[in-house]
Amino acid sequence: MNFRTFAAFVGPSVFMMLLFIAFPLVSVFKQSFYVTQPIYETVEVETCTPGFLTQTCVTEEKSIPRLNEEGEIITQTQFVGLESYRNVLEPERAWRAISQGSWSVLSTINFWKALRFTLTFTLITLPLVIGTGLLIAIVINNAASAIRGPVIFVSLLPFIITPVIGALSINWLFRGDGILTALLEWWLNRDIALFAQAWTIELLMMLYRVWHVAPFAAIVFYAGLQTVNQDSLESAVIDGASRWQRLKYIVIPHLMPLIIFVSMIHLMDSYRVFEEIVGFSSQGYVISLQWLTYDFLVPDQAGNRSISRASASAMLTMVGIVILLIAPLRRTWRDHKGGH
């Protein structure tokens, strides 16, 4: 099937959307197989010490980038295959560390260190976001109609705040002489340094993520609660079902498509965690896959950027997201087939 036949089969609008999505991915995938480097040339540089009678001059060879007529650095691009992926994954060191059961050695490899935190962050915050969002939705649904609007507005505030600003706010509350740090020190009667070790920083990041994202889940679930069959709930009450039983056997099954939807959104978003790393300034202790990709793109002292490694890291991140989405997508497909 050629492009013209495929376009006619799926329709022009869908075909254009697929092209719009695919072209950037293909470009990143292609860049991961090529390395662009400056062309250097060796020149002799004479350096003289200050002075007249005892002046000493030394001639040494230095490698400097070659420039074109416009004064721009000349570069060359070469195909390196999977070398960029090997440089990111470092499979030999990783396998040696796994064979020896040495997590400390494995954590010195940036990719595996970032992968460990990214997976931990994603899988721990997922049930917390779902549970907290459902709890907030139930509170909103049971609130009196006169105060329901203000309750919804207050509940949405954490989601409205810009992510970096929100992360910085949590950072300031717990860092140094922050309000909550001072309160904890007074309560525990001891000095506390929450940013002196990695695990406390990770806990604060997870706390922020749940605080920031749970309102989105709450609004989605609140909308779903408006469509719950009231006759089923009334019948359950008559049969003596408790509040928990009504929630477990009627409400949650009814909200399951929305729970899967929120889970997919959260998995995709949290696996690309970046704002928390910047807001909490945790690069010295905790890094994520998205931050690692960004770090490869930061120019070094010579002005060079590891675009090939960044592309490889981005592709590996996308593969991880796809793997995480397999379970909810299969559930969605199974429910769709069951509905028909």
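Numbers here simply count residues along the sequence, with the first being 1. We use all heavy atoms of the structure for the numbers below, so side chains are in, but hydrogens, waters and symmetry mates are not.
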Exercise. Counting N and O atoms only, with roles assigned by atom type, does the side chain of N141 sit under 3.5 Å from a partner on the main chain of A137, one being a donor and the other an acceptor?
Worked result: no
Seminar exercise, completed: Checking H212, M205, E202 against E276 for side-chain contact (heavy atoms from CB on, under 4.5 Å), the one that qualifies is M205
For this session: Grab the two heavy atoms, one from R148 and one from A143, that are nearest each other, plus how far apart they are.
Result: NH2-O, 2.7 Å
For this session: Identify the heavy atoms of I277 and Q283 that sit nearest to each other, and give their distance.
Result: O-OE1, 3.9 Å
Exercise. Is Y271 close to I323 at the side-chain level, that is, under 4.5 Å between some pair of heavy atoms?
Worked result: no
For this session: Report the C-alpha separation of F79 and V35 in whole Å, then their side-chain angles, then the decisive distance to 0.1 Å, and conclude whether the side chain to side chain contact (heavy atoms under 4.5 Å, CB included) test is met.
Result: CA-CA 7 Å; F79 178 78; V35 171; over 6 Å; no
Problem set entry | Atom of L89, atom of W112 and distance for their closest heavy-atom approach | O-NE1, 2.8 Å
For this session: Compare every heavy atom of G279 with every heavy atom of L168, then report the nearest pair and how far apart it is.
Result: CD2-O, 3.3 Å
Problem set entry | Heavy atoms of other groups near F153 CZ, more than 12 under 6.0 Å | no
For this session: Compare every heavy atom of P158 with every heavy atom of W211, then report the nearest pair and how far apart it is.
Result: O-CB, 3.1 Å
For this session: State yes or no: do I152 and I160 share one hydrophobic cluster built from I, L, V, M, F, W and Y residues joined by side-chain heavy-atom distances below 4.5 Å, directly or via other members?
Result: yes
For this session: Give, for atom OG of S235 and atom CG of N229, the distance between the pair rounded to the nearest 0.5 Å.
Result: 8.0 Å
Problem set entry | Whether R272 side chain and Q290 backbone form a donor-acceptor pair below 3.5 Å | no
Exercise. Hey, does the side chain of R246 reach the backbone of A241 with a donor-acceptor pair shorter than 3.5 angstrom?
Worked result: yes
Problem set entry | Side-chain (T122) to main-chain (L119) donor-acceptor, under 3.5 angstrom | no
Exercise. When you look at I130 and S263, which way does the side chain to side chain contact (heavy atoms under 4.5 Å, CB included) test go after all the steps?
Worked result: CA-CA 8 Å; I130 298 296; S263 299; 3.7 Å; yes
Exercise. Under 3.5 Å, is there a donor-acceptor pair between the side chain of S242 and the main chain of Q245?
Worked result: yes
Problem set entry | Value rounded to 0.5 Å, distance of OH in Y208 from CD1 in I170 | 8.0 Å
Exercise. Between F111 and I321, is there a shared hydrophobic cluster once you connect ILVMFWY residues whose side-chain heavy atoms come closer than 4.5 Å?
Worked result: yes
For this session: Using a 4.5 Å cut-off on heavy atoms from C-beta on, say whether the side chain of M315 contacts that of Y85.
Result: yes
Exercise. Does D295 use its side chain to pair, donor to acceptor, with the backbone of W291 at less than 3.5 Å?
Worked result: no
For this session: Ignoring hydrogens and angles, tell me if any N or O in the side chain of S84 forms a donor-acceptor pair with the backbone of A312 under 3.5 Å.
Result: no
Problem set entry | Same cluster (ILVMFWY, side-chain, under 4.5 Å), L255 and I219 | no
For this session: For L128 and H266, run side chain to side chain contact (heavy atoms under 4.5 Å, CB included): C-alpha distance rounded to whole Å, both residues' side-chain angles, the deciding distance at 0.1 Å, then the answer.
Result: CA-CA 11 Å; L128 294 177; H266 180 74; over 6 Å; no
Exercise. In this structure, are over 12 heavy atoms from other groups packed under 6.0 Å from R243 atom CZ?
Worked result: no
Exercise. Just wondering, are more than 12 heavy atoms of other shown residues or ligands nearer than 6.0 Å to OH in Y294?
Worked result: no
Problem set entry | S313 side chain to T293 side chain, donor-acceptor N/O pair below 3.5 angstrom | yes
For this session: For residues L316 and L289, determine if any side-chain heavy atom of one lies less than 4.5 Å from a side-chain heavy atom of the other.
Result: no
For this session: Go through the steps for M256 and I259 under the test side chain to side chain contact (heavy atoms under 4.5 Å, CB included), then give the verdict.
Result: CA-CA 5 Å; M256 189 54 64; I259 292 175; 4.3 Å; yes
Exercise. Hey, are the side chains of S155 and V151 touching, using non-hydrogen atoms and a 4.5 Å cut-off?
Worked result: yes
For this session: Evaluate whether atom CH2 of W103 has more than 12 neighbouring non-hydrogen atoms of other residues, nucleotides or ligands under 6.0 angstrom away.
Result: yes
Seminar exercise, completed: When rounded to the nearest 0.5 Å, the distance separating CG of L225 from CD1 of I140 is 9.5 Å
Problem set entry | Close side-chain approach of V213 and I265, heavy atoms under 4.5 Å | no
Exercise. Roughly how far apart are R96 CZ and S102 OG, rounded to 0.5 Å?
Worked result: 11.0 Å
Exercise. Which residues pass the side chain to side chain contact (heavy atoms under 4.5 Å, CB included) test with P127, sequence neighbours left out?
Worked result: none
Seminar exercise, completed: To the nearest 0.5 Å, atom CG of L292 lies from atom CZ of F117 at 13.0 Å
Problem set entry | Sub-4.5 Å side-chain heavy-atom contact between P215 and L157 | no
For this session: Measure the CG-CG distance between L123 and L267 for me, rounded to the nearest 0.5 Å.
Result: 7.5 Å
Problem set entry | Cluster check V80, L297: I/L/V/M/F/W/Y, side chain < 4.5 angstrom | no
Seminar exercise, completed: In terms of heavy-atom contacts, N110 and I287 come closest through O-CD1, 3.7 Å
Problem set entry | Side-chain heavy atoms of T108 within contact of K113, under 4.5 Å | no
Exercise. Any chain of hydrophobic side-chain contacts (each under 4.5 Å) joining L258 to I138?
Worked result: yes
For this session: Report yes if the side chains of F296 and N87 come closer than 4.5 Å at any heavy-atom pair, otherwise no.
Result: no
Exercise. Would a distance-only check, ignoring hydrogens and angles, find a side-chain to backbone donor-acceptor pair under 3.5 Å from S288 to V273?
Worked result: yes
